[in-house]
Amino acid sequence: MRLSKCLLQTLRDAPSDAEVPSHKLMVRAGLIHKAAAGVYTYGPFLWRTLVKISTIVRDEMDRAGAQELLLPQLQPQEIWARSGRLQTYLDAGIMFTVKDRKGGDFCLGPTAEEAITDFVATNVRSYKQLPQTLYQSQTKFRDEFRPRFGLMRGREFIMKDAYSFDADDAGLDASYRAMRAAYVRIFERCGLEFLAVQADSGDIGGSGSEEFMVTASTGEDLIVYDDTTGYAANVEKAETRVEAPSHMGDPLPMHVEPTPGDKSVEDLCRRFPRLSAARMVKTILYRVVHRDREEDVAVLMRGDQDVNEVKLKNHLGAASVELADEARVRRVTGCEPGYAGPLEVKDGKLRFVADTSVEPLRNFLCGVNRPDVHALDVNHGRDFPTPPFADLRRAREGDLSPRSEARLKTARGIEVGHVFKLGTKYSAAMDACFLDRDGKKKPFVMGCYGIGVSRIAAAAIEQNHDDKGIVWPRAIAPYQAVVVLARGNDPVAADAAGRIYDALHASGVDTVLDDREDQSAGVKFKDAELVGYPVRVTIGKHVAEGKVEVTVRRTGGTELVPLTEAAARVKALLDAMPSGRHVGRS
RNA sequence: CGGGGUGUAGCUCAGCGGUAGAGCCUCAGCUUUGGGAGCUGUAUGUCGGGGGUUCAAAUCCCCCCACCCCGACCA
């Protein structure tokens, strides 16, 4: 392709609504254009990248034995009603809904479990037809409460989603392993550094899930990992161990002390400097919403630890949990916030749960549900009933690994893939069944496997850019190389550029020729760096000696190469570029 | 949905009661051709929309809308 013929408008300034590098650079490099909040046109250069990503995904899906199909984007709400998720999605407000001419209710597909289950249910009758793994790649729609960061969190985005259907759990395990292995290969081939982490399966449910995270400082997710064992998990899910404080001594008589104005652990640490935060127990009240009711729950947490609300929600089997507001705290404890505790409880129905870090504590401090005092040398089981214990802590850097004596480390990541074992959640709800060997009707055992295709493009930029622009991994760059004609009015240079361009094409290198006559060499260099071609060939001042410059975008390293060898050198440099890396593997 | 902020040219922004502005971009021409180069000229707007106050509103007030940020939410 000749750049003089391309529609590619680069910008000197980033739009003011862009915050993260990928968003700024995509706009500046002319890759995207905003049509509405979270809705973008993918320009010709970005589309090339998206096609390359899709091709890798398709290739690996097919290799893993999956079959491609295309499900409807315009979905009848009826199938959502059947799975029982319609009201959840409508209430959450993330579903785009539409009516047809006759008033029928449809939606723009936010995901496709219902559509695929409906399809498979009517086409698969026998265990002999199993297993099946089907996938599609297309636009998904979610009316996100807060679209942001350009393509990272849009309301319309391209996703590859695959679904496996098996007769039993063992079959699901095998299908899941095959997809997981394909995912590793996909992200490696895309040239990304990534991690596979244990994840919370969220509202989609199921027995287990892992997320594939592209490491980047701007990632929205926090990952904790132990690089001695390969344990890695989303912080929402991460298990940790914390050491019990030493020298707690034998149980002492409980006593209540004045603590006027001390509402936080920090205040109390100041008042009792010899008592560490680990010897305090804070009581945090939550409003817990279940499908059919609501309750108040008090969480007892060690003073130096924080509550992980996802763990709490899962532990309670709740639809949602939210921190109680001040009015609720007053009603439940009869006291202003800051003094809640497990002692002298006013509300007899109040449910207590405690983090496991509280279990070994002796002679600790806690609230008494009375203002301006706290109790010291409290012991559970003696001074108040021993509550049920569960892991409700938020994992932190430096905690002990659940798998070894190593300390956990943290990293930020962008979720680009998620694999789930769904089990029979959707098939049972939608009565999607097959006849098994024993003649009995059974629901399909399902898995689902998503990859954010457009998000991969954004994540690749978040992970690979510098102050000059994008640094595309070679496999997903719009073009692998650019030939810059830096002497526009020199016929020798123009001729050389044409020949190198042809030679690159002949050797299979995806190349664009910057032959724009109205742009100076400086502009072409800036554009080449902004757009992020992995390799640049500059035809300029050395052309008289029969030489051209070959520059690697990532390193900036430049070498002079004889004109006749330039194409081969570019090819060699591209081939030498590393593939992606699966980090933190044991 | 709660809190905050911003809407002026394609982009970045100034102007904040008295004739609509700059830089970049676009277009024409000249010059230039190794780092977003220079000169001359040209084009560009319901100042987000509606209502109000005023002799006069981009500017002040009210309502709406859009966009952005924080939070809540999230296959």
Side-chain angles (χ1 to χ4, degrees), chain A residues 9-20 23-24 27-28 30 33-39 85 88-89 91-95 109-114 140 142-150 152-155 157 159-163 199-206 209-212 220-221 234 236 287 309-310 313 319-323 325 415-422 425-426 447-452 455 468-469 484-490 493-494 514 516-530 536 538-543 548-549 551 556 558:
Chain A
Q9 182 63 50
T10 58
L11 261 36
R12 199 181 289 225
D13 300 305
S16 55
D17 62 4
E19 242 204 329
V20 296
H23 187 189
K24 289 180 182 169
V27 174
R28 284 192 56 210
H33 175 257
K34 182 166 80 176
V39 182
R85 282 207 297 182
T88 310
Y89 269 70
D91 290 349
I94 58 173
M95 183 185 263
T111 170
E113 282 82 15
E114 282 77 4
K140 292 258 181 336
R142 281 181 210 166
D143 197 357
E144 289 281 348
F145 296 162
R146 192 132 103 81
R148 56 181 148 176
F149 303 152
M152 290 256 263
R153 183 168 294 278
R155 294 195 291 176
F157 52 95
M159 176 174 270
K160 186 286 303 179
D161 47 326
Y163 305 88
D200 179 66
S201 45
D203 284 342
I204 194 159
S209 78
E210 287 171 280
E211 289 166 333
F212 286 81
E220 289 190 279
D221 289 289
N234 191 310
E236 291 180 344
R287 170 178 173 239
E309 295 184 0
V310 174
K313 178 180 144 183
S320 69
V321 299
E322 83 186 44
L323 211 52
D325 58 22
E415 182 190 350
V416 290
H418 203 157
V419 292
F420 293 83
K421 290 182 182 175
L422 293 179
K425 175 173 173 173
Y426 295 89
C448 99
Y449 319 92
I451 286 184
R455 190 184 271 184
K468 299 190 184 92
V484 171
L485 183 50
R487 295 279 173 126
N489 55 1
D490 177 349
D514 193 348
R516 291 176 295 174
E517 289 178 3
D518 54 347
Q519 297 297 344
S520 68
V523 171
K524 293 180 181 181
F525 294 151
K526 291 286 188 200
D527 273 355
E529 283 154 351
L530 177 60
R536 182 179 92 206
T538 307
I539 318 296
K541 54 194 174 193
H542 303 287
V543 74
V548 299
E549 288 149 67
T551 306
T558 296

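Residue numbering restarts at 1 for every chain, and letters A, B, ... go by the order of the sequence lines. Owing to the predicted nature of the structure, the values given are computational and were not obtained by experimental measurement. The analysis underlying the following values was restricted to heavy atoms, covering all of them including side chains, and did not include hydrogens, waters or symmetry mates.
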Picking from B/rG34, B/rG71, B/rA75, which would you name as closest to the side chain of A/Arg487? B/rG34
Can A/Asp514 and A/Arg516 be counted as an ion pair, charged N to O under 4.0 angstrom? yes
Testing B/rG34, B/rC11, B/rC69 for proximity to the side chain of A/Ala521, the answer is B/rG34
A/Phe145 has an atom CZ; how far is it from atom C1' of B/rC70, in whole Å? 16 Å
Value in whole Å for how far the P atom of B/rU26 lies from CD of A/Gln519: 7 Å
Rounded to whole angstrom, note down the C1' distance from B/rG49 over to B/rG7. 11 Å
Once you apply a heavy-atom cut-off of 4.0 Å, does A/Lys140 come out as touching a base, just sugar-phosphate, or nothing? nothing
Is any side-chain heavy atom of A/Arg146 closer than 4.5 Å to a side-chain heavy atom of A/Arg153? no
Rounded distance (Å) that lies between atom P of B/rA75 and atom CZ of A/Arg155: 19 Å
Kindly point out which of B/rG34, B/rG23, B/rC69 is positioned nearest to the side chain of A/Glu549? B/rG34
A/Lys160 NZ - B/rA75 P separation (whole Å): 18 Å
Nearest-Å distance, OH (A/Tyr89) to P (B/rA75)? 7 Å
Between CE on residue A/Met152 and CD on residue A/Glu19, distance to nearest 0.5 Å: 10.5 Å
Euclidean distance, atom CD of residue A/Glu114 to atom C1' of B/rA75 [Å, nearest integer]: 11 Å
Between A/Lys524 and A/Leu485, is any pair of side-chain heavy atoms under 4.5 Å apart? yes
Same-atom distance (C1') from B/rU44 to B/rG10, integer angstrom: 9 Å
In Watson-Crick or G-U wobble terms, both distances under 3.5 Å, what is the partner of B/rG29? B/rC39
Could you tell me the Watson-Crick or G-U partner of B/rG2, where both distances fall under 3.5 Å? Say none if there is no partner. B/rC70
For A/Tyr163 and for A/Gly540, find the nucleotide of RNA chain B with the closest heavy atom, then tell me which residue's nucleotide is more 5'. A/Gly540
Could you check whether A/Asp490 gets within reach of a base, just the sugar-phosphate, or nothing at all, counting any heavy atom under 4.0 Å? nothing
Sequence neighbours excluded, which residues qualify as ring-ring contact (aromatic ring centres under 6.0 Å, His included) partners of A/Tyr449? none
Side chains of A/Arg287 and A/Asp325: does their closest heavy-atom pair fall under 4.5 Å? no
Indicate whether any N or O donor in one side chain lies under 3.5 Å from an N or O acceptor in the other, for A/Glu113 and A/Thr111. yes
With A/Asp17, the salt bridge (charged side-chain N to carboxylate O under 4.0 Å, His left out) member among A/Lys24, A/Arg148, A/Lys34: A/Lys34
Just to confirm, is there a sub-4.0 Å distance from OP1 or OP2 of B/rC70 to any side-chain nitrogen or oxygen of A/Arg148? yes
Rounded C1' spacing from B/rA58 to B/rG45 in Å: 12 Å
In whole angstrom, give me the gap between the C1' atoms of B/rG21 and B/rC73. 43 Å
Determine whether A/Ile451 and A/Phe212 make a side-chain contact, defined as any pair of heavy atoms from C-beta on separated by less than 4.5 Å. no
Whole-angstrom distance between B/rU53 and B/rC61, as gauged at atom P: 15 Å
Mate of B/rA58 across any strand shown (Watson-Crick or G-U wobble, both atom pairs under 3.5 Å) is none
Can you find an N or O donor on one side and an acceptor on the other, under 3.5 Å apart, linking the side chain of A/Thr10 with the base of B/rG36? yes
Base, sugar-phosphate or nothing for A/Glu144? Non-hydrogen atoms, less than 4.0 Å. nothing
Is the distance from OP1 or OP2 of B/rC70 to the nearest side-chain N or O of A/Arg146 less than 4.0 Å? yes
Using a 4.0 Å heavy-atom cut-off across all strands, classify A/Arg287 as base, sugar-phosphate, or nothing. nothing
Side chain of A/Lys34 only, please: which of B/rC11, B/rC68, B/rA75 is the nearest? B/rC68
Nearest to the side chain of A/Asp13 - B/rG23, B/rC74, B/rC67? B/rG23
If you measure from the C1' atom in B/rC74 to the same atom in B/rC13, how many Å do you get, rounded? 35 Å
At under 4.0 Å between heavy atoms, what does A/Ser320 touch on the DNA or RNA strands: base, sugar-phosphate, or nothing? nothing
Is there a donor on the side chain of A/Glu211 or the base of B/rA75 sitting less than 3.5 Å from an acceptor on the other? no
Given B/rG36, B/rG34, B/rC68, the nucleotide with the shortest approach to the side chain of A/Asp17: B/rC68
Under the 3.5 Å rule, do the base of B/rA37 and the side chain of A/Ser520 count as making a donor-acceptor pair? no
CD of A/Glu19 versus P of B/rC69: gap in Å, rounded? 5 Å
Rounded distance in Å between the P positions of B/rC30 and B/rG36: 23 Å
Looking at B/rG10, does its base get a donor-acceptor pair with the side chain of A/Arg28 below 3.5 Å? no
Can you check the distance between B/rG17 and B/rU59, where both ends of the measurement are the P atom (answer in whole Å)? 11 Å
If you find the nucleotide of RNA chain B closest to A/Thr538 and the one closest to A/Ala36, which residue's nucleotide is nearer the 5' end? A/Thr538
Among B/rC69, B/rG36, B/rG34, which nucleotide has an atom closest to any side-chain atom of A/Phe149? B/rC69
Which nucleotide wins on minimum distance to the side chain of A/Ser16, given the candidates B/rC13, B/rG34, B/rA75? B/rC13
Distance check needed: B/rG36 P versus A/Lys524 NZ, whole Å only. 15 Å
As a test of reading the structure: which of B/rG35, B/rG36, B/rA75 is closest to the side chain of A/Met159, going by heavy atoms? B/rA75
Residue A/Phe420, side-chain heavy atoms: nucleotide from B/rA75, B/rC24, B/rC11 that is nearest: B/rA75
The Watson-Crick or G-U wobble partner of B/rA22, with both key distances under 3.5 Å, is B/rU12
